[in-house]
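Single-structure report; data block below.
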2 protein chains.
Amino acid sequence: MKTETRKEEIIRVAAKLFKEKGYSAVTMRDIAKSMDIKAASLYNHINSKQDILEAIIISLAEQFTTEMLEIKKSEIGAIDKLKQIITLHVRLSSQNIYGMASLNNDWMHLEEQMSYYIKLRSDYENDFKHILEEGIRSGELIAVKPDVMMFSILTTLRSLYLWIPKKEDINLGELSENLSLILLNGINK
Amino acid sequence: MKTETRKEEIIRVAAKLFKEKGYSAVTMRDIAKSMDIKAASLYNHINSKQDILEAIIISLAEQFTTEMLEIKKSEIGAIDKLKQIITLHVRLSSQNIYGMASLNNDWMHLEEQMSYYIKLRSDYENDFKHILEEGIRSGELIAVKPDVMMFSILTTLRSLYLWIPKKEDINLGELSENLSLILLNGINK
DNA sequence: TTATTTAACTAACAACTGTTAGTTAGTAAG
DNA sequence: CTTACTAACTAACAGTTGTTAGTTAAATAA
């Protein structure tokens with residue numbers, strides 16, 4: 001486990017503050033205060049407030065994209081692909097709760113990287129929808145509108161960051177299984 | 001249909017901006033510009049920026065509370081209660097998409113009214129959970145942890161505001177039915 | 001030892017923030 | 001006609017914002 005750089009620490013601390021108050025309401029002085037330094041000192045490590053947001057959001061979005069690619073090309077059925085997607089969200093959300101909050105709530109404050117983020121997200125959603133459509137075609141899933149299905153499942157998964165921290169004792173494997181049960185039995189014919 | 005007062009117009013316009021950028025990122029000058037007046041003129045109608053946020057969030061939260069009370073005391077089964085809750089969310093969300101965004105994303109910027117809001121929300125969640133527990137006891141629902149069930153359903157319903165506007169042609173009754181099907185068949189034994 | 005890098009600091013700036021004070025033109029009520 | 005109200009305006013203020021410039025002490029490399 002390699003030790004955290006000062007830059008990584010700033011990003012981690014900032015993400016926590018962004019989750020609590022949102023990007024716009026968090027000042028560079030807030031971030032600095034959380035690290036017991038002055039705001040100007042942050043600029044020895046990062047270029048701008050915007051850079052912090054980009055670091056948080058883009059790296060997470062790229063992780064989702066990379067792993068979706070793996071799931072997509074694996075030779076398994078739609079139900080099993082969906083189970084892997086659920087596990088993916090549980091894992092990334094629990095690893096980076098604060099980052100997931102920014103990903104969900106602060107992406108609209110991206111500047112240069114906004115369009116790149118939107119492309120990653122819409123590619124992800126398209127892959128998701130294709131899995132559902134494929135599952136309907138093969139008879140694995142009921143024939144409800146895939147849009148509504150995807151919305152229902154994906155919003156639940158995207159909100160995991162709000163919910164995981166509340167249960168200290170939670171078992172992540174168990175959570176994935178319970179979620180699969182609840183989310184999929186409404187789809188599984 | 002009584003005509004909108006200037007104050008109501010400010011609140012409506014502000015809610016739209018709050019949805020796009022979040023409460024903190026929207027300035028009084030932004031709101032004013034959207035109405036083609038100057039920021040200072042807003043203060044002829046409202047007392048503060050904070051008052052606008054309170055008007056948006058509290059009135060919506062109270063509508064949910066009122067209607068949950070009705071559902072709670074009606075003499076129907078858990079499944080039917082859940083269907084009514086789903087319909088309630090679809091209806092209130094479609095009536096006030098921008099307000100729902102603030103309710104979900106900007107409640108943490110409430111000041112005096114924050115604790116009142118939190119009480120309304122946790123009462124609502126408790127009522128919701130009791131309906132689920134009752135349904136499990138009576139055998140209507142499968143015996144999965146009610147916390148996970150509630151999280152899954154409620155986060156989907158709370159995100160409706162993100163999704164409804166995308167489909168202009170959507171039929172709200174049909175949406176409620178599709179959602180009931182998807183959300184409940186994973187629960188319905 | 002000397003030179004370089006790292007990471008903190010103080011001080012400041014120009015732009016922007018919510019809000020107030022005081023004013024004014026148009027409309028409605030007496 | 002006069003009065004009062006509505007709803008806009010200009011000007012301003014005190015505080016906050018992200019960021020830069022220049023400096024300094026400590027740690028590391030030569």
Side-chain angles (χ1 to χ4, degrees), chain A residues 2-58 98 102 105-114 117, chain B residues 2-58 98 102 105-114 117:
Chain A
K2 85 166 199 272
T3 55
E4 189 180 48
T5 67
R6 203 73 170 129
K7 178 174 181 175
E8 287 164 346
E9 188 184 356
I10 291 172
I11 291 168
R12 178 175 53 80
V13 167
K16 181 165 186 174
L17 294 175
F18 291 168
K19 187 202 171 201
E20 286 158 13
K21 310 203 298 173
Y23 176 75
S24 301
V26 174
T27 70
M28 296 302 280
R29 286 162 180 86
D30 290 335
I31 299 171
K33 196 163 226 171
S34 289
M35 302 184 66
D36 279 314
I37 60 177
K38 300 289 170 174
S41 305
L42 294 169
Y43 289 85
N44 287 315
H45 308 280
I46 50 98
N47 295 317
S48 65
K49 189 187 177 190
Q50 176 70 199
D51 271 10
I52 300 175
L53 186 67
E54 288 177 4
I56 295 169
I57 292 182
I58 299 298
Y98 303 126
S102 292
N105 302 321
D106 291 322
W107 60 269
M108 73 277 270
H109 299 115
L110 287 173
E111 292 163 13
E112 279 85 29
Q113 300 275 47
M114 162 94 87
Y117 162 77
Chain B
K2 85 163 198 271
T3 56
E4 190 180 46
T5 67
R6 203 73 169 128
K7 178 174 180 177
E8 286 163 345
E9 188 184 355
I10 292 171
I11 291 168
R12 178 174 53 81
V13 167
K16 181 166 188 174
L17 294 175
F18 291 168
K19 187 202 172 200
E20 286 158 14
K21 310 204 297 175
Y23 176 76
S24 300
V26 174
T27 70
M28 295 302 279
R29 285 163 180 85
D30 290 335
I31 300 171
K33 197 163 227 170
S34 289
M35 301 185 66
D36 280 313
I37 59 176
K38 299 289 169 173
S41 306
L42 295 169
Y43 289 84
N44 285 315
H45 308 280
I46 51 97
N47 295 318
S48 65
K49 189 186 177 191
Q50 176 70 198
D51 271 10
I52 299 175
L53 187 68
E54 288 177 4
I56 295 169
I57 292 182
I58 299 298
Y98 304 125
S102 292
N105 303 321
D106 291 322
W107 60 268
M108 73 277 270
H109 299 115
L110 287 173
E111 292 164 11
E112 278 85 28
Q113 299 275 46
M114 162 93 87
Y117 163 76

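Every chain is numbered from 1 and lettered A, B, ... according to where its sequence line falls, protein lines coming before strand lines. Here the structure is a predicted model, which means the values were calculated and not measured.
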**OP:** Apply side-chain contact (heavy atoms from CB on, under 4.5 Å) to the pair A/L42 and A/M35, showing each step before the final yes or no.
**Re:** CA-CA 10 Å; A/L42 294 169; A/M35 302 184 66; 4.2 Å; yes
Subject >> Nearest heavy-atom neighbours spanning A/Q113 and A/L110 >> reply: O-CD1, 4.2 Å
Original post:
Taking protein heavy atoms under 4.0 Å as touching, what does nucleotides 4-11 of chain C look like 5' to 3' if B marks base contact, S marks sugar-phosphate-only contact and - marks none?
Top reply: ---BBBBB
Find every protein N or O atom lying less than 3.5 Å from an N or O atom of nucleotides 15-18 of chain C, and list the pairs.
{"unit_1": "C/dG18", "atom_1": "OP1", "unit_2": "B/V26", "atom_2": "O", "d": "3.4"}
{"unit_1": "C/dG18", "atom_1": "OP1", "unit_2": "B/K49", "atom_2": "NZ", "d": "3.1"}
{"unit_1": "C/dG18", "atom_1": "OP2", "unit_2": "B/M28", "atom_2": "N", "d": "2.9"}
{"unit_1": "C/dG18", "atom_1": "N7", "unit_2": "B/R29", "atom_2": "NH1", "d": "2.8"}
{"unit_1": "C/dG18", "atom_1": "O6", "unit_2": "B/R29", "atom_2": "NH2", "d": "3.0"}

Original post:
Atom NZ of B/K7 and atom P of D/dT6: how far apart are they, to the nearest Å?
Top reply: 13 Å
**OP:** Return the value, rounded to whole Å, for the distance between atom CG of A/N47 and atom P of D/dT19.
**Re:** 10 Å
**OP:** Please assess B/T27 against B/D30 for the test side chain to side chain donor-acceptor pair (under 3.5 Å), listing each intermediate value before the final yes or no.
**Re:** CA-CA 5 Å; B/T27 70; B/D30 290 335; 3.3 Å; yes
**OP:** With sequence neighbours excluded, tell me which residues meet side chain to side chain donor-acceptor pair (under 3.5 Å) with B/D36.
**Re:** none
**OP:** Would you indicate whether A/Y98, at its atom OH, is surrounded by more than 12 heavy atoms from other residues, nucleotides or ligands within a distance under 6.0 Å?
**Re:** no
Original post:
Taking A/Q50 for the side chain and A/H109 for the main chain, is one N or O donor matched with an acceptor at less than 3.5 Å?
Top reply: yes
Original post:
How far apart are the closest heavy atoms of B/F18 and B/I52, and which atoms are they?
Top reply: CE1-CG2, 4.1 Å
Original post:
Can you tell me how far P of C/dT19 sits from CD1 of B/I46, to the nearest Å?
Top reply: 7 Å
**OP:** Among A/I56, A/L53, A/T5, find the one that has a side-chain contact (heavy atoms from CB on, under 4.5 Å) with A/I11.
**Re:** A/I56
